[in-house]
Q: 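One structure, as structure tokens, below. Some questions next.
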Amino acid sequence: MEILRQHVEALLSPALAALGINNDHWKSMISVSREKNMGDLSLPCFAFAKQLSMAPNEIAEKLKAAIETNDVVDDINSTAGYLNFKASRNWLAEYIISGNIRIGDAEVNSSDGSKSVLIEHTSANPNGPFHVGRARNAILGDTIVRLNRLYGNNVRSEYYVDDMGKQVAVLAWALANLDAKEVEKILSDREPVNEMWESKPDHNRVRWYQAAQVLRGDDSKKHEIEKAIGEMVHASENGDHEVLLSFENAYQPVLDGMLETLNRLRINFDEFTKESIFVTNGDVSNIMQKLSTLEIHGIAENGAEYLDLGARGLKGKTEFYYKRGDGSSLYATRDIAYHIWKYTQCDKLINVLGEDHKLQSKQVSMTLNELGHDTPEVLFYSFIKLPEGKMSTRKGNVVFMDDLLEEAKAHAAEVVKEIRTDYSDEQISHIAEAVGTSAVRFNIIKVSPDKGFTFRWEEALSFDADSAPFIMYSHTRSRSIAKKCSDLGVAYQPEDAAVILQNPTNIPDSMFELLRAMATHNDALMRSVEQNRPNLFANQLLNLANHYNGFYRDCKVISNGEVNQTYLAVSEIASKLLRSGMIGLGIEPLERM
RNA sequence: GGGCGCGUAGCACAGCUGGAUAAUGCGUCGGCCUCCUAAGCCGAAGAUCGCGGGUUCGAAUCCUGCCGCGCCCGCCA
């Protein structure tokens with residue numbers, strides 16, 4: 001309720017001055033009321049107690065007596081040492097109906113020259129299909145992208161393609177040296193690929209990768225394979241175009257398959273940047289050169305080079321190696337080159353990384369600092385576990401995103417079929433797809449990223465309150481009302497605000513609660529974006545949907561064939577806010593469901 | 001062993017820069033469809049905020065010790 005702040009400050013200022021409080025420190029003490037029924041903004045008076053030698057509640061009472069309510073703040077009360085200010089119903093209704101709440105659009109970049117943000121997320125090795133654990137990165141990252149756009153930032157999303165490491169080399173080696181029969185023989189003790197995904201290249205080619213991994217553990221073949229792979233890695237690091245091309249031919253179909261899965265979740269990227277670029281264009285060797293001149297630089301016996309980050313306060317492992325004994329670079333070195341390049345593209349960087357990358361990320365940031373660069377904001381997330389324990393492709397203990405999406409859609413279809421008997425199969429399929437994918441996204445977004453949560457099918461497929469369908473349902477109700485009104489010949493036009501406001505309407509509690517939820521909507525968005533915590537905004541949207549439902553219950557927009565214009569205006573603005581917020585979270589807004 | 005993170009009702013999860021009766025969902029119990037989509041709404045029961053110390057007028061929130069869980073501690077990516 002930041003919109004109320006200046007009004008409250010104006011009221012408080014003279015009253016506090018009269019008590020002898022003349023500095024502005026109290027302004028930062030005004031905060032959003034915890035007790036929603038007491039007020040919107042509150043001033044705790046405890047801090048004044050000593051200075052004024054008065055009890056806090058006495059101070060609050062004195063202030064209350066000294067302040068006159070007005071059209072904006074029409075309720076001031078003092079309880080237990082708090083002075084509470086509540087926005088006036090009519091003022092708030094007028095404020096919102098007049099179109100003062102910013103709606104935003106998560107699908108476009110602002111063009112007003114605002115801050116440009118480069119968000120790198122997912123960047124998974126292109127060697128196999130997404131399981132729910134790996135997909136947490138993509139869902140969090142894409143949501144941050146969307147919320148930044150909704151907030152008004154200029155955003156570019158990037159996938160950093162690891163096109164030259166050992167993992168890709170293993171895949172390329174396997175594809176060149178093994179045929180399908182051999183692969184299936186090697187993997188005969190494992191679960192076969194779900195036939196539904198047999199022709200999907202991420203599910204298909206990962207078999208070659210897995211078979212190669214098995215062979216790499218086989219003592220009789222290990223040597224020969226390691227040598228071959230080692231040569232490929234080495235060649236790729238020297239920028240050997242032929243090898244890099246064979247790598248690309250190996251991983252690109254896999255990556256395409258993975259992106260197909262993300263696409264179904266409405267996750268897209270603006271740019272794909274290949275790791276090898278920074279080797280072939282000389283950036284990496286330039287950086288290694290620069291690093292070797294730093295005072296915290298060190299050289300190991302075999303010529304490998306590192307930075308002593310312990311000298312800069314890093315605890316635990318202090319040596320950060322950026323160059324191997326053979327002179328080649330390491331993943332982190334290339335990542336540093338990538339970051340420096342990223343800073344030539346944008347003002348601010350955000351990375352989304354698994355918690356296993358914390359140390360690595362810290363090393364990269366500290367090194368960037370040494371080189372005089374800014375450091376990225378990083379959102380770390382914990383892993384998703386299964387009830388049986390850690391997710392592991394090797395043990396067959398995984399839930400693939402493709403399977404989850406199918407399952408979610410099927411479950412949604414069941415629900416729709418049961419309660420909407422008049423819908424066509426096509427309609428049901430469309431709704432089920434939207435509900436299924438939205439629910440999957442939302443279940444991951446709504447929990448705090450640093451919480452390691454356990455994946456459970458019954459929860460992933462729960463469409464009750466606290467889920468995407470709950471929000472979608474509220475939105476659908478608002479669309480249904482708009483359609484009915486339009487059928488009656490009444491359409492909401494934002495320009496008519498002044499006319500609508502000429503007819504005062506009764507504002508019941510539940511409508512007031514909705515208005516308050518709308519008034520705090522952008523406060524929540526700001527917090528969510530500034531702190532890179534999508535779950536905060538997910539919560540806001542649940543809150544908004546919840547209050548819309550209360551409004552829906554008590555304020556009939558259409559009654560006896562007559563449209564209440566004020567209610568319709570509020571319903572429509574709430575609807576827009578729900579819609580833009582849903583798109584911000586990657587939830588698909590439907591007209592009917 | 002060291003570093004980082006987490007620990008809130010039977011389960012899951014929220015709690016913004018310390019503040020008033022710790023929010024919400026699932027599950028349990030009870031109520032609401034002649035009226036804009038009941039995937040909804042209303043009500044009840046259910047919490048020593050891991051344990052101990054400290055700072056403060058005030059701590060789930062900050063500091064510290066311990067316990068439990070996760071991740072990391074490669075010249076891998």
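Proteins get letters first, then strands, A, B, ... in listed order; numbering begins at 1 in each.
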Q: Classify the ring geometry of A:Trp457 against A:Phe455: parallel below 30°, tilted from 30° to 60°, perpendicular beyond 60°.
A: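 Plane angle over 60°, so perpendicular.
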
Q: What interatomic distance, in whole Å, is found between P of B:rC63 and the corresponding atom of B:rC4?
A: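 Approximately 12 Å lies between the P atom of B:rC4 and that of B:rC63.
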
Q: Write down the distance separating the P atoms in B:rG74 and B:rC11, rounded off to the nearest Å.
A: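 Straight-line distance between the two P atoms is 37 Å.
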
Q: So does A:Lys446 get a side-chain nitrogen or oxygen closer than 4.0 Å to the phosphate oxygens (OP1/OP2) of B:rG25?
A: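 It does not, given that no N or O in the side chain of A:Lys446 lies less than 4.0 Å from OP1 or OP2 of B:rG25.
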
Q: Give me syn or anti for B:rC33, where syn covers glycosidic angles within 90 degrees of 0.
A: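 Because its glycosidic torsion lies within 90° of 0, B:rC33 adopts the syn conformation.
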
Q: Whole angstrom is fine here: how far is it from CZ in A:Phe463 over to P in B:rA12?
A: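 The answer, rounded to whole Å, is 21 Å.
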
Q: Is there a donor on the side chain of A:Ser42 or the base of B:rA20 sitting less than 3.5 Å from an acceptor on the other?
A: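 Flag set: donor-acceptor pair detected.
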
Q: Evaluate the side-chain proximity of A:Glu9 to A:Trp26: yes if any heavy-atom separation is below 4.5 Å, no if none is.
A: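 Yes. Closest side-chain heavy atoms under 4.5 Å.
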
Q: Does the ring centre of A:Phe551 sit less than 6.0 Å away from the ring centre of A:Tyr548?
A: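 Yes: the rings meet the under 6.0 Å criterion.
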
Q: If the plane angle is over 60° it's perpendicular, under 30° parallel, otherwise tilted; pick one for A:Phe320 and A:Tyr322.
A: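 Judged by the thresholds at 30° and 60°, the geometry between A:Phe320 and A:Tyr322 is tilted.
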
Q: Could you check whether A:Arg324 pairs with A:Glu237 (Lys NZ or Arg NE/NH1/NH2 to Asp/Glu carboxylate O, under 4.0 Å)?
A: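 So A:Arg324 pairs with A:Glu237 through a salt bridge.
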
Q: Base, sugar-phosphate or nothing for A:Met472? Non-hydrogen atoms, less than 4.0 Å.
A: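 Touches nothing.
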
Q: List in numerical order all residues of residues 536-545 of chain A for which some heavy atom is under 4.0 Å away from an atom belonging to RNA chain B.
A: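 Output list: A:Leu536, A:Asn539.
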
Q: Between A:Asn546 and B:rC41, is there a side-chain N or O to OP1/OP2 distance below 4.0 Å?
A: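 Answer is yes, contact under 4.0 Å.
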
Q: Can you tell me which residue pairs pass the salt bridge (Lys or Arg N to Asp or Glu O under 4.0 Å) test with a partner in residues 227-236 of chain A, sequence neighbours excluded?
A: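 Counting only pairs at least two positions apart or across chains, the salt bridge (Lys or Arg N to Asp or Glu O under 4.0 Å) contacts touching residues 227-236 of chain A are A:Lys227-A:Glu231.
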
Q: Going by the angle between their ring planes, with limits at 30° and 60°, are A:Phe278 and A:Tyr338 parallel, tilted or perpendicular?
A: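 A:Phe278 vs A:Tyr338 ring planes: tilted.
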
Q: For each nucleotide in nucleotides 27-34 of chain B, reading 5' to 3', give B when a protein heavy atom comes within less than 4.0 Å of its base, S when such contact involves only the sugar-phosphate, and - otherwise.
A: --------

Q: Would you measure the distance from the C1' atom in B:rG15 across to the matching atom in B:rC29 and give it in whole Å?
A: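 Pairwise C1' distance, B:rG15 against B:rC29, rounds to 28 Å.
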
Q: Does A:His430 NE2 have over 12 foreign heavy atoms under 6.0 Å away?
A: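 Not more than 12 within 6.0 Å, no.
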
Q: Can you check nucleotides 57-61 of chain B for protein contacts, nitrogen or oxygen pairs under 3.5 Å, and list what you find?
A:
unit_1: B:rC57; atom_1: OP1; unit_2: A:Lys50; atom_2: NZ; d: 3.1
unit_1: B:rA60; atom_1: N6; unit_2: A:Arg34; atom_2: NH1; d: 3.1

Q: Starting at atom CZ of A:Phe442, determine the distance to atom P of B:rU24, rounded to an integer number of angstrom.
A: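 These atoms are roughly 16 Å apart.
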
Q: Can we say A:Lys274 and A:Glu248 salt-bridge, meaning some charged N sits less than 4.0 Å from an Asp/Glu carboxylate O?
A: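 Yes, charged N to carboxylate O under 4.0 Å.
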
Q: Ignoring the backbone of A:Arg533, work out which of B:rG15, B:rA14, B:rG5 is nearest its side chain.
A: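 Among the listed nucleotides, the one closest to the side chain of A:Arg533 is B:rG15.
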
Q: Is the ring centre of A:Tyr159 less than 6.0 Å from the ring centre of A:His121?
A: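 No: the rings miss the under 6.0 Å criterion.
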
Q: Tell me whether A:Glu572 is salt-bridged to A:Arg479, with the criterion being a basic N under 4.0 Å from an acidic carboxylate O.
A: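 A salt bridge links A:Glu572 with A:Arg479.
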
Q: Can you find an N or O donor on one side and an acceptor on the other, under 3.5 Å apart, linking the side chain of A:Asn57 with the base of B:rA20?
A: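 Answer is no: no donor-acceptor pair is held.
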
Q: OP1, OP2 of B:rG40 versus side-chain N and O of A:Asn549: anything below 4.0 Å?
A: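 For B:rG40, OP1/OP2 do not have a side-chain N/O of A:Asn549 under 4.0 Å.
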
Q: With a 4.0 Å cut-off, would you call A:Glu61 and A:Lys64 a salt bridge?
A: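 Here A:Glu61 does not pair with A:Lys64 in a salt bridge, since their nearest N and O are not under 4.0 Å apart.
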
Q: Does anything in residues 523-536 of chain A pair up under side chain to side chain donor-acceptor pair (under 3.5 Å), and if so which pairs, sequence neighbours excluded?
A: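 Passing the test, one end in residues 523-536 of chain A: A:Glu377-A:Asn532, A:Gln531-A:Arg533.
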
Q: For B:rG18 versus B:rA12, give the span between their C1' atoms, rounded off to a whole number of Å.
A: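 About 27 Å, rounded to a whole number of Å.
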
Q: At 4.0 Å (heavy atoms only), tell me whether A:Asp335 reaches a base, stays on the sugar-phosphate, or touches nothing.
A: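 Nothing: the residue A:Asp335, judged by heavy atoms under 4.0 Å, touches no strand.
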
Q: Where the side chain of A:Lys556 is concerned, which of B:rC41, B:rC36, B:rU8 is the nearest nucleotide?
A: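 So the side chain of A:Lys556 is nearest to B:rC36.
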
Q: In terms of side-chain heavy atoms of A:Asp466, which of B:rG3, B:rC36, B:rG25 is nearest?
A: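 Shortest atom-to-atom distance from the side chain points to B:rG25.
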
Q: Count the heavy atoms of every other residue, nucleotide or ligand shown that sit under 6.0 Å from NZ of A:Lys166, and state whether that count exceeds 12.
A: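 Check fails, neighbour count at 12 or below.
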
Q: How many whole angstroms separate atom CD1 of A:Ile384 from atom P of B:rC13?
A: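 A:Ile384 atom CD1 is separated from B:rC13 atom P by 12 Å.
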
Q: Any chance you could list the contact pattern along nucleotides 63-77 of chain B? Use B for base contacts, S for sugar-phosphate-only contacts and - for none, protein heavy atoms under 4.0 Å, 5' to 3'.
A: -------BSSSSBSB

Q: So, under a plain 3.5 Å distance rule, would you say the side chain of A:Arg477 forms a donor-acceptor pair with the base of B:rC36?
A: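 Under the 3.5 Å cut-off, the side chain and the base do not form any donor-acceptor pair.
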
Q: Is it the case that A:Asp450 and A:Ser382 place a side-chain donor and acceptor less than 3.5 Å from each other?
A: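 The criterion, which ignores hydrogens and geometry beyond distance, is not satisfied for A:Ser382 and A:Asp450.
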
Q: Compare the minimum distances between each of B:rA12, B:rA14, B:rG40 and the side chain of A:Glu459, then state the nucleotide with the smallest one.
A: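 Within the option list, the nearest is B:rA12.
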
